[in-house]
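Can you read through this structure? Questions will come right after.
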Amino acid sequence: MVEYYDDYLDEEPTRSVVRWMDRPPVQVGVAGLSTAVAGAFLLGVVAAFGVLAVTGHFSLRQVDNRTSRSIH
């Protein structure tokens, strides 16, 4: 059989009751957030091109041919 005990405080607490309530908020500025988003995007682009290159669907020769055709 399980017995439940109610947790009553004799007085109203003046400080935080649990430890995690004392944590300060995270301080991240606009520049830091923008850098993190741009870095994640670039990491995804590099990973996608890496997967395409490894599987043989993408090569630097294709990029060179497409670039030279678009310029001329």
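Heavy-atom basis, side chains included; hydrogens, waters and symmetry copies ignored. Residue indices begin at 1 and follow the sequence shown.
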Next item on the list: Under the side chain to side chain contact (heavy atoms under 4.5 Å, CB included) rule, collect the residues that match up with V28, sequence neighbours excluded.
Entry: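 Testing V28 for side chain to side chain contact (heavy atoms under 4.5 Å, CB included), a comparison that skips the adjacent residues, returns V26, L33.
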Could you pull out every donor-acceptor pair under 3.5 Å between side chains of residues 47-54 and any protein atom, sequence neighbours left out?
none

Check: Under the side-chain hydrogen bond (donor to acceptor under 3.5 Å, both in side chains) test, which residues partner S34, sequence neighbours left out?
Finding: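 side-chain hydrogen bond (donor to acceptor under 3.5 Å, both in side chains) check on S34 returns nothing, list empty.
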